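All of these numbers come straight from a predicted model, not from anything done at the bench. For the numbers below, each heavy atom of this structure counts, side chains included, while hydrogens, waters and symmetry mates do not.
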Amino acid sequence: MNNIRVTVPGGETVEAARGTRAGDIGSSGAPDGRRIVAAAVDGAAVDLARPVTEDCAVEWIPLDSPEGIDILRHSTAHLMAQAVQSLFPGTQVTIGPTTQEGFYYDFKRDKPFTPEEIEEIEERMRELAGEDLSIAREELSKAEAIELFHGMGEDYKVEILSAIPEDTVSLYRQGDWVDLCRGPHLPSTGFIQAFKLTSVAGAYWRGDEKNEMLQRIYGTAFPSRKQLKEHLALLEEARKRDHRKLGKELDLFSFHPAAPASPFFHPKGAFVYNTLVEYMRGLYRRYGYEEVITPQIFEAGLWHRSGHYDHYKDNMYFTHIDEREFGVKPMNCPSHTFIYASRKRSYRDLPLRLADFGRLHRYEKSGVTAGLTRVRSFSQDDAHIFCTPEQIEGEVNSLLDMLREVYHRFNFEDLEVFLSTRPDQYLGALETWERAEAALAASLEKRDVAYEISEGDGAFYGPKIDFVVKDAMKRGWQLGTVQLDFSMPERFDLGFISPEGTVERPVMIHRAILGSIERFMALLIEHTGGAFPLWLAPVQSRIVTVTDQQKPYAATVRDRLQADGWRVELDDRNEKLGFKIREAQVAKIPYALVIGDKEVQNGTLSARKRGGENLPTMPVEDFLDRLRDDERQETEPAQ
């Protein structure tokens with residue numbers, strides 16, 4: 001038969017000649033002109049020009065849909081690479097994927113790209129977009145593609161091709177430029193109207209620091225100039241809130257080459273860090289956790305037994321002592337099994353909830369470390385729960401309550417939940433995994449928690465629930481996790497005596513809410529712009545004097561606030577009042593307290609809030625009442 005049957009949007013089934021372009025299927029083909037940029041054939045995104053050869057269902061992909069935006073950004077990455085190679089002949093292209101925020105392309109060029117050259121590239125991209133070059137897909141044998149790219153001097157493309165198992169590959173051409181790519185792409189460069197190149201960075205080829213350093217140009221693209229403008233405004237706000245910038249300005253932490261990717265917390269940063277830990281400890285007392293302390297270094301046999309040596313050794317630090325291999329712990333879970341196994345356990349002992357703030361060390365490649373978000377030395381609000389299978393639902397319910405309370409405290413109300421299922425490489429039996437995944441799904445559904453399935457993203461030892469919070473700039477951060485583990489109790493031969501007197505296996509639940517304290521601090525700094533809530537601010541008030549005459553009274557006010565447990569500084573320098581108030585504002589201190597002659601005479605103070613609001617002059621005791629009210633409102637639990 002030369003005809004095929006195709007189900008088109010709306011449910012109608014039509015006949016079409018075999019080989020008809022996807023965009024021409026149906027009575028009028030893809031509607032809405034330049035709004036439709038691709039098609040989904042049986043769910044797989046393809047170019048509008050792709051021939052359809054089998055019975056199928058076709059849906060349209062609009063430019064302003066998530067799939068359409070991804071295709072737009074992919075095509076914009078190609079446009080950027082074309083512009084680079086037209087301006088700077090001899091530059092090699094490597095890979096150019098899309099990201100959550102836009103796209104990037106890695107280039108091999110002998111000299112770094114300058115800011116002026118980035119502007120030239122952008123202008124050339126506009127010219128190429130204006131030419132409305134057709135973007136066409138070609139298929140050829142891998143051998144032919146290798147010959148083509150070898151002749152072009154594209155060594156990296158040849159290396160990529162050599163690793164592709166298929167005998168046939170696809171290329172995309174636009175004008176006289178060609179690239180190896182799976183697609184799909186826009187019909188032409190004219191669809192690309194709103195884009196911006198945002199930054200340049202170094203990147204190792206294939207992310208391996210043993211390989212050559214390339215130059216990575218980042219950019220973004222949107223369906224409309226309005227959307228691009230809004231996004232660029234968010235990027236500018238993100239730059240102002242960057243925790244690395246604010247960490248230095250607020251004297252919270254620093255880094256030093258002597259300990260790469262391992263933060264040094266200064267007194268104010270250490271206060272925030274320790275206050276976060278103490279807050280979690282307070283919750284532990286209410287939710288029935290017991291805190292433990294475990295060693296930092298273990299004989300390598302432990303990591304073989306737990307499975308981490310096979311699955312995680314490239315991210316671990318090892319050393320040899322007395323001709324034995326030892327590993328610095330990257331996580332606490334195996335050590336907690338030793339505490340569990342230190343004595344016989346009965347069903348009456350369960351659930352057993354063990355919490356651990358021990359320091360962890362993971363080797364992260366230098367190319368991926370970034371401030372506090374990706375470090376080599378850190379601590380987690382880590383805990384492991386040993387329970388019976390029947391107790392899983394109750395424990396997950398308790399964890400959901402705890403998560404809700406914690407995220408409310410930090411004003412994270414926008415939450416996404418993901419159920420991550422079995423990865424390609426996993427420990428244990430398939431039936432065990434299926435039972436664990438079903439248990440987590442049932443717990444979420446009984447609590448009416450909306451969630452998405454994240455296929456294959458589970459830990460190697462069990463499925464998990466991941467919690468993603470949105471910050472003030474609507475960026476997602478994965479924080480909390482609840483992971484079921486049937487494998488480790490088996491590997492460490494853990495048991496408990498059941499009511500019937502038999503020995504049964506406990507279930508191990510891995511659990512964190514803040515996650516890494518370091519990473520959570522980075523999130524919190526950027527979420528608040530460094531303006532911590534009153535209860536968490538290292539300095540809650542700074543007293544500023546108008547002249548030297550007020551120093552004695554100002555010192556009395558400081559002592560009164562400190563006696564009530566508040567964190568206060570006194571700025572009695574011989575500087576102008578406006579200068580001292582501005583410094584308090586820059587330091588993100590919740591209250592600046594002005595003391596002049598009038599305040600001395602009346603035994604009062606004039607308070608100025610961090611945002612610039614001036615409060616009525618008030619007695620010191622009234623200000624203390626205000627501080628108590630502020631803190632009480634901030635720390636009220638979720639209803």
Side-chain angles (χ1 to χ4, degrees), residues 1-79 97-98 100 103 129 132-140 166 168-174 179 181-195 221-228 416-419 421 441 445 448 450-456:
M1 291 179 61
N2 291 325
N3 287 349
I4 57 174
R5 295 178 62 79
V6 181
T7 303
V8 297
E12 180 187 1
T13 299
V14 301
E15 285 197 1
R18 193 179 305 275
T20 300
R21 292 164 24 118
D24 295 334
I25 294 289
S27 58
S28 59
D32 300 329
R34 301 180 78 82
R35 196 177 76 85
I36 299 299
V37 295
V41 177
D42 286 340
V46 301
D47 311 303
L48 289 176
R50 185 78 67 89
V52 180
T53 59
E54 303 291 341
D55 292 351
C56 62
V58 169
E59 295 286 344
W60 306 125
I61 298 178
L63 179 61
D64 57 1
S65 67
E67 297 86 354
I69 292 173
D70 190 69
I71 293 169
L72 167 67
R73 289 173 175 169
H74 195 178
S75 296
T76 311
H78 276 216
L79 185 71
T98 59
Q100 187 175 2
F103 60 86
D132 198 19
L133 301 172
S134 176
I135 302 175
R137 177 188 174 93
E138 297 178 11
E139 292 188 356
L140 66 166
E166 293 85 3
T168 301
V169 297
S170 58
L171 313 178
Y172 279 83
R173 291 186 183 271
Q174 51 198 54
D179 195 12
C181 189
R182 295 181 184 274
H185 280 280
L186 301 172
S188 70
T189 62
F191 283 77
I192 304 171
Q193 296 291 319
F195 59 86
F222 286 87
S224 72
R225 290 185 174 88
K226 179 184 177 183
Q227 289 170 295
L228 175 64
E416 294 180 337
V417 181
F418 297 88
L419 174 57
T421 58
E445 289 162 6
D448 291 325
Y451 67 94
E452 295 180 29
I453 298 291
S454 186
E455 294 285 353

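Among all heavy-atom pairs drawn from Thr20 and Ala17, the shortest one is OG1-O, 2.5 Å. Across Phe418 and Ser454, no two heavy atoms sit closer than the pair CB-CB, 4.4 Å. Counting all heavy atoms, side chain and backbone alike, Phe103 lies closest to Ala221 at CE2-N, 4.1 Å. Scanning both residues, Pro187 and Val37, for their nearest heavy atoms gives CD-O, 3.6 Å. For the residue pair Trp60 and Gly23, the shortest heavy atom distance occurs at CZ3-CA, 4.1 Å. Here the closest heavy-atom approach between residue Ser188 and residue Ser134 is recorded as CB-CA, 4.1 Å.
Counting only distance, with no hydrogens or angles, the side chain of Thr421 and the backbone of Gly456 share a donor-acceptor pair below 3.5 Å. Put simply, the side chain of Glu12 never gets that close to the backbone of Pro9: no donor and acceptor are under 3.5 Å apart. In this structure, Arg225 contributes its side chain and Ala194 its backbone to no donor-acceptor pair below 3.5 Å. Formation of a donor-acceptor pair under 3.5 Å by the Thr98 side chain with backbone atoms of Arg73 is not found in this model. Counting only distance, with no hydrogens or angles, the side chain of Arg137 and the backbone of Arg182 share a donor-acceptor pair below 3.5 Å. When atom types are taken as modelled, the side chain of Asp55 and the backbone of Arg5 share a donor-acceptor pair closer than 3.5 angstrom.
Rounded to the nearest 0.5 angstrom, Arg18 CZ and Ile4 CD1 are separated by 6.5 Å. Atom CG of residue Asp70 and atom CD of residue Gln100 lie 11.0 Å apart, to the nearest 0.5 angstrom. The distance from the CG atom of Leu63 to the CD1 atom of Ile36 is 9.0 Å, given to the nearest 0.5 Å. Atom CG in Asp64 sits 10.5 Å away from atom CG in Leu72 (nearest 0.5 Å). The CZ atom of Arg21 sits 9.5 Å away from atom CG of Asp47, with the distance rounded to the nearest 0.5 Å. Taking CG from Leu133 and CD1 from Ile192, the interatomic distance works out to 9.5 Å, rounded to the nearest 0.5 Å.
With Phe191 as the aromatic partner, Arg35 does not meet the cation-pi criteria of under 6.0 angstrom to the ring centre and within 45 degrees of the ring axis.
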If you apply the rule side-chain contact (heavy atoms from CB on, under 4.5 Å), what do you find for Ile71 with Leu186, and how did you get there? CA-CA 7 Å; Ile71 293 169; Leu186 301 172; 4.0 Å; yes

Could you give me the CA-CA distance, side-chain angles and deciding distance for Leu79 and Gln174, then say whether side-chain contact (heavy atoms from CB on, under 4.5 Å) is met? CA-CA 9 Å; Leu79 185 71; Gln174 51 198 54; 4.2 Å; yes

Audit row: Ile25, Val8, side-chain contact (heavy atoms from CB on, under 4.5 Å) steps and yes/no: CA-CA 8 Å; Ile25 294 289; Val8 297; 3.7 Å; yes

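The aromatic rings of His185 and His74 lie tilted to each other, with the angle between the two planes from 30° to 60°.
Defined by atom type and a distance below 3.5 Å, a donor-acceptor pair is missing between the side-chain atoms of Glu139 and Ser170.
For Phe195, the ring-ring contact (aromatic ring centres under 6.0 Å, His included) criterion is met by no residue, not counting sequence neighbours.
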